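What follows is a short report on a single structure.
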Amino acid sequence: MTTTDPIREAIFAAVRAIPRGRVAAYGEVAARAGLPRRARLVGRLLREAPSGALPWHRVVRSDGRLAFPPDSEPWLTQRERLSREGVVMTGGRIPARFFAWRDEDLDAALWG
DNA sequence: GAAATGACGGAGA
DNA sequence: CTCTCCGCCATTT
C-alpha cells in the first residue's frame, strides 16, 4: 500500500459524495478530493476498493464514456446500475446534464 | 534506473 | 465526429 490512507479516504469520500442519478469524471473526483491531476489514481483506487464499499458506477470518463471496453462485463454492469438511477447513455455516452459538478454555476445561469 | 502500463484528460489533425 | 498523440502520475516490469 504505497498510497497513504488519508489520500485514499479523501477520494472515497469524494466518490460517496456523488448524488444518486448523477455522475462525475475521474478528474473531477480527484479535484474534489484536493488532488488535481490524479485522475488515474482514482481509477486505481476504485479497482482496489472492496466491492460494495462505494458507488463506483457513478464515476465515468470526462467525455461521458465508461472506462471499460464497450459491451464488456463490467461495462454492462455499470450501465445497468446507472440506468436504474435514471442515468441513461445515448450513443454510448452519458449526456453532460448528468454530470454532478460540471459547470455548476454556468449551468444554473443558462438552464436554471 | 529506464521503459511500459493503465477504471484519465485535453489538444489537434 | 473519429482517431492520434502527448502530458500526467503511480505502479510494475
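Note that the structure is a prediction, hence the values are computed from the model and not measured. In the text below, chain A, chain B and the rest are named by the order of the sequence lines, each starting its count at 1.
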Item to check | Whole-Å P distance, C:dT2 and B:dA7 | outcome: 22 Å

Checklist entry - Does CD in A:Glu73 sit with more than 12 non-hydrogen atoms of other residues, nucleotides or ligands closer than 6.0 Å? => result no

Item to check | Boundaries of the DNA chain B segment in contact with chain A, non-hydrogen, under 4.0 Å | outcome: B:dG6 to B:dG10

Next on the checklist: Under the side-chain contact (heavy atoms from CB on, under 4.5 Å) test against A:Leu46, which residue among A:Leu41, A:Val29, A:Ile11, A:Val15 passes?
Outcome noted: A:Val15

Next on the checklist: So A:Ala30, base contact, sugar-phosphate only, or nothing? Heavy-atom distance under 4.0 Å.
Outcome noted: nothing

Checklist entry - Just how far is it from atom CZ of A:Phe99 to atom OG of A:Ser62, taken to the nearest 0.5 Å? => result 7.0 Å

Checklist entry - Will you find, in the side chains of A:Glu85 and A:His57, an N or O donor that is under 3.5 Å from an N or O acceptor? => result yes

Next on the checklist: Has A:Ser83 got a side-chain atom pairing as donor or acceptor with A:Arg79's backbone, closer than 3.5 angstrom?
Outcome noted: no

Next on the checklist: Any salt bridge linking A:Arg32 with A:Glu28? Criterion: basic side-chain nitrogen under 4.0 Å from a carboxylate oxygen.
Outcome noted: no

Checklist entry - Base, backbone or nothing for each nucleotide of nucleotides 3-9 of chain C, written B, S, -, heavy atoms under 4.0 angstrom, 5' to 3'? => result ----BBS

Next on the checklist: Treating A:Arg65 as the side-chain partner and A:Arg93 as the backbone partner, does any N or O pair qualify as donor plus acceptor under 3.5 Å?
Outcome noted: no

Next on the checklist: For A:Phe12, does the six-membered ring have the charged nitrogen or CZ of A:Arg8 within the cation-pi criterion, i.e. under 6.0 angstrom from the centroid and within 45° of the normal?
Outcome noted: yes

